[in-house]
Amino acid sequence: HIEAHSFPTRRSSDLEPMCDSEEMEFKLLNTFYTQMNTLILKSDDDGLLGELMDECVIKQGELYQQTQNLSLKTKIEKAWFKILNDEKHWIALDATSMPKLWLAAMCNSGRAKTALAWVLEHLAKEDEYGKSAWLVRQYEVLCYIDEQQAVEFLLKNTHIDQLRQFAVERYSRAGQDELAEKLLLDGMKNAFGNTQRLVWIAQLLTLSKKRKDQQKIAEYAKELALFSDYSHIQSDYFKLWQKQFSAEQWQDEIKYALKQDILIQNETKQAHFLVLTQQLDLLENLLLKSQDNKLQMGFIHYLSAEKQRQVAKSTLLILENKIAKLTTRKYYAYWVKEVNNLLKKFPDLMCEIELMANRVREKYKIKPALIEEMQALFV
């Protein structure tokens, strides 16, 4: 069963009530809140005033939690309920801790059905965009009323990411890791996009680390290290992935990874992987085969001096062939800059670059803009 909700811890501030009874403390907080609400509506300033109002609400929650005075508890609940149902109050229903405080107060006081009726009333008024937060609240209250109802409701609405996340956190706190894992796996499988899928995988990794499941740690760390939306390997996840294997096992893991489409189809990611795994012969082969001069220049420094020169010559050929696809002065100027950068890094290629430049001038003499831009070569 879900844990009782905890209220935010007390923070030191200028709002420390100076009174000698809980009743007086509540009156002071409530009066202060009401006055701040009036000011904020008139001034339209939600900065410091908003923070002070939040502080009042939090302190009311602390007071509610610590008092043994049932009459005072009821007064606090009514004050919160008034705020929640009055459109003139500045604190929005969805964006603050107020609804959580009120719902927790009602549910912990044995009046969860009253809280549920309030949630359903507001849910009926919401458009599709605003329903998610209220469905989370409905599930939260159902957890107090009947576990089976809560589970059935959750299974009908697992497409709502906020609800799934809330349930995962609830199961994790309760030590029900298998249920949390089931929800996360389902979320990963049915995620609408890669960003949300990334969140579920990261949480599965956290859960696997908690359970010390070495196989699953390796699996999820690998997925995160090679994640498709990133052009490079995520180094922290890569190290965690590698850590799960012996030296011999890791060599087999490298061979298997290099056969996967996620590396085969992304040369930059593959090059980064080869650097991290110290497969420099394979890196040289990749760079020599590539038609991406930026990739070559980005990873060439990992090779020995002799191998760097071979790759640089390949880069020069790519640049020469690239001219055929360029059509405007802007790109001619950028091409000249790339050639000059190559010469700066490999001055011993001057002879080869001069020969290339002569071939280009002869072949493309009908492009005067190109010929003019080439005057900046070797500068």
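Numbers here simply count residues along the sequence, with the first being 1. Computed from heavy atoms alone, side chains included, the values below leave out hydrogens, waters and symmetry copies.
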Presence of salt bridge, [Y] and [X], under 4.0 angstrom:
X	Y	result
K210	E181	no
R309	E306	no
K113	D146	no
K73	E77	no

| query | Step by step, would you call K75 with E23 a salt bridge (Lys or Arg N to Asp or Glu O under 4.0 Å)? | reply | CA-CA 9 Å; K75 286 181 182 178; E23 290 271 0; 3.1 Å; yes
Which value, rounded to the nearest 0.5 Å, describes the distance between [X] atom [atom1] and [Y] atom [atom2]?
X	Y	atom1	atom2	answer
L258	T277	CG	OG1	6.5 Å
N340	W335	CG	CH2	9.5 Å
L342	K313	CG	NZ	12.0 Å
L283	F299	CG	CZ	7.5 Å
K363	I323	NZ	CD1	10.0 Å
L207	Y171	CG	OH	13.5 Å

| said: Using the ring centroid of each side chain, check whether W250 and F238 are separated by less than 6.0 Å. | reply: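 Close enough - the centres of the two rings lie under 6.0 Å apart.
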Co-membership, hydrophobic cluster, residues [X] and [Y], 4.5 Å side-chain:
X	Y	answer
L135	I145	yes
L288	Y302	yes
L120	L142	yes
L303	I318	no

Testing the basics here: between [X] and [Y], what is the closest heavy-atom pair and its distance to 0.1 Å?
X	Y	answer
S228	N194	OG-ND2, 3.3 Å
H232	Q234	O-NE2, 3.4 Å
S132	Q162	CB-OE1, 3.0 Å
Q196	D161	OE1-OD2, 3.3 Å

Going by side-chain hydrogen bond (donor to acceptor under 3.5 Å, both in side chains), name the residues that satisfy it together with [X], two or more places apart in sequence or in a different chain.
X	value
E338	N293, K322
S314	Q296
E284	none
E354	none

Side-chain atoms of residues 151-159: list all donor-acceptor pairs with protein atoms under 3.5 Å, sequence neighbours left out, distances to 0.1 Å.
from	atom 1	to	atom 2	distance (Å)
E152	OE2	Q148	NE2	3.4
N157	ND2	F153	O	2.8

| said: For L163, is there any backbone N or O sitting under 3.5 Å from a side-chain donor or acceptor partner on Y139? | reply: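 No, because the side chain of Y139 does not come within donor-acceptor range (under 3.5 Å) of the backbone of L163.
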Strictly by salt bridge (charged side-chain N to carboxylate O under 4.0 Å, His left out), give each pair with a member in [range] just once, sequence neighbours left out.
range	result
residues 224-236	none
residues 254-274	none
residues 26-40	none

Suppose we screen for salt bridge (charged side-chain N to carboxylate O under 4.0 Å, His left out). Which residues come up paired with [X], at least two apart in sequence or across chains?
X	value
E219	none
R329	E372, E373
R361	none

For [X], does the [atom1] atom sit with more than 12 other heavy atoms under 6.0 Å from it, leaving out its own atoms?
X	atom1	result
Y237	OH	no
Y331	OH	no
K182	NZ	no

| task | Assign the ring pair W134 / H122 to parallel, tilted or perpendicular, where the plane angle (0 to 90°) is split at 30° and 60°. | result |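 It falls in the parallel class, under 30°.
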| query | Side chains of I353 and F346: closer than 4.5 Å at any heavy-atom pair? | reply |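 They are not in contact (no side-chain heavy atoms under 4.5 Å apart), so the answer is no.
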| task | Flag the pair L204 / K216 as yes when at least one side-chain heavy-atom distance between them is below 4.5 Å, and no otherwise. | result | no
| said: According to ring-ring contact (aromatic ring centres under 6.0 Å, His included), who are the partners of Y332, at least two apart in sequence or on a separate chain? | reply: none
